[in-house]
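Here is the structure we will look at, set down as structure tokens.
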Amino acid sequence: MPRFLRRQPPPADPRVLVEEHLEAGRPTGWFEPLYARARGDAGAVPWAELTAHPYVVDWLDDPVVAPPGRRAVVVGCGLGDDAAELARHDFEVVAFDVAPTAVAWAQKRFRRTPVEWRVADLLDLPDDLVGGFDLVVEVRTVQSLPGVVRDAAMHAVGTLCAPGGVVVAVTLVAGSDAVSRTWQGPPWVQSPSELAAYRAAGLERVALEHPDPDERGVMEVRLTMRRPGPA
Ligand SMILES: C[S@@+](CC[C@H](N)C(=O)[O-])C[C@H]1O[C@@H](n2cnc3c(N)ncnc32)[C@H](O)[C@@H]1O
């Protein structure tokens with residue numbers, strides 16, 4: 001077949017996809033078609049950097065607080081780099097994502113890395129994931145969900161954590177609530193006040209680390225939290 005006939009159509013504009021799904025009341029519905037339309041080209045996945053997030057790498061090298069055990073879960077694992085990094089640090093890792101194409105892609109990239117890859121929805125967690133982890137890692141997933149489901153998402157992140165366990169979240173936060181009110185997503189920057197939802201989920205804040213807000217008034221923060229209780 002001539003080459004030009006085999007050429008694939010370019011991936012759809014992610015914003016059009018996002019709008020379509022949000023209007024239809026499906027806040028997480030746009031992830032799967034975005035990954036599927038990328039057809040294995042990570043360049044078409046706007047957040048894919050094909051490397052573990054530097055905040056996660058630093059945290060693992062020098063944890064703010066040591067998790068009580070080695071069971072770890074990665075929320076919204078995308079193409080799998082953070083999960084693979086945890087496995088390299090001898091954690092027993094479960095990594096899940098709502099998008100089956102992302103999970104299959106991650107599994108293929110890290111086929112020799114011992115990670116349990118799962119298709120699962122943070123907003124409707126399977127019972128066996130609840131409360132079972134010493135370390136919960138959330139990188140840029142909550143910020144990719146619109147405000148209407150974000151409290152529920154933060155609550156669900158908290159429920160993954162066992163008593164005595166630790167949660168590390170990396171997310172974009174506005175320097176003030178005023179900046180977050182005018183911000184156009186995705187990603188939807190979190191407002192400083194909404195991070196309190198983690199407290200309502202039973203987590204205590206241990207550290208909030210971040211650079212100064214950039215020229216847009218936002219900063220990427222690393223939040224370390226702990227669920228009180230015996231390990
Ligand atoms: C912005 S991407 C970040 C991916 C990865 N954590 C990273 O930093 O490269 C957000 C990821 O969360 C996943 N996701 C969104 N909503 C989810 C949900 N409710 N449950 C599980 N995964 C979800 C998406 O499919 C996507 O892979």
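Just follow the structure's listing: the first ligand is 1, and inside any ligand the first atom is 1.
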What I want to know is whether [X] and ligand 1 share at least one N or O pair that is separated by under 3.5 angstrom.
{"X": "Cys77", "value": "no"}
{"X": "Asp82", "value": "no"}
{"X": "Leu145", "value": "no"}
{"X": "Asp97", "value": "yes"}

Which protein heavy atom lies closest to [atom], and at what distance to 0.1 Å?
{"atom": "atom 1 (C) of ligand 1", "answer": "Arg140 O, 3.3 Å"}
{"atom": "atom 19 (N) of ligand 1", "answer": "Asp121 OD1, 2.7 Å"}
{"atom": "atom 15 (C) of ligand 1", "answer": "Phe31 CE1, 3.3 Å"}
{"atom": "atom 4 (C) of ligand 1", "answer": "Gly76 O, 3.5 Å"}

Worksheet item: Would you call the rings of Phe110 and Trp117 parallel, tilted or perpendicular if under 30° counts as parallel and over 60° as perpendicular?
Response: parallel
What atoms in ligand 1 come closer than 4.0 Å to a heavy atom of [X]?
{"X": "Ser144", "value": "1 (C), 10 (C)"}
{"X": "Leu122", "value": "18 (C), 19 (N), 20 (N), 21 (C)"}
{"X": "Ala120", "value": "20 (N), 21 (C)"}
{"X": "Tyr35", "value": "25 (O), 26 (C), 27 (O)"}

Discussion item. Within a 6.0 Å radius of atom CG on Asp127, are there more than 12 heavy atoms belonging to other residues, nucleotides or ligands?
Written reply: no
Practice prompt. Evaluate whether atom CZ of Arg70 has more than 12 neighbouring non-hydrogen atoms of other residues, nucleotides or ligands under 6.0 angstrom away.
Written response: yes
Can you tell me if [X] uses its side chain to pair, donor with acceptor, with the backbone of [Y] under 3.5 Å?
{"X": "Glu138", "Y": "Arg140", "result": "yes"}
{"X": "Arg205", "Y": "Leu223", "result": "no"}
{"X": "Asp121", "Y": "Val98", "result": "no"}

Response to the item:
Closest to atom 22 (N) of ligand 1 (heavy atoms only, candidates Val45, Val98, Thr28, Thr141) is Val98
Worksheet item: Which atom pair, heavy atoms only, marks the closest approach of Trp188 to Val18?
Response: CH2-CG1, 4.0 Å
Worksheet item: Which atom pair, heavy atoms only, marks the closest approach of Ala52 to Glu85?
Response: CB-CB, 3.8 Å
Discussion item. side-chain contact (heavy atoms from CB on, under 4.5 Å) for Phe91 and Val74? Distances and angles first, verdict last.
Written reply: CA-CA 11 Å; Phe91 282 95; Val74 178; over 6 Å; no
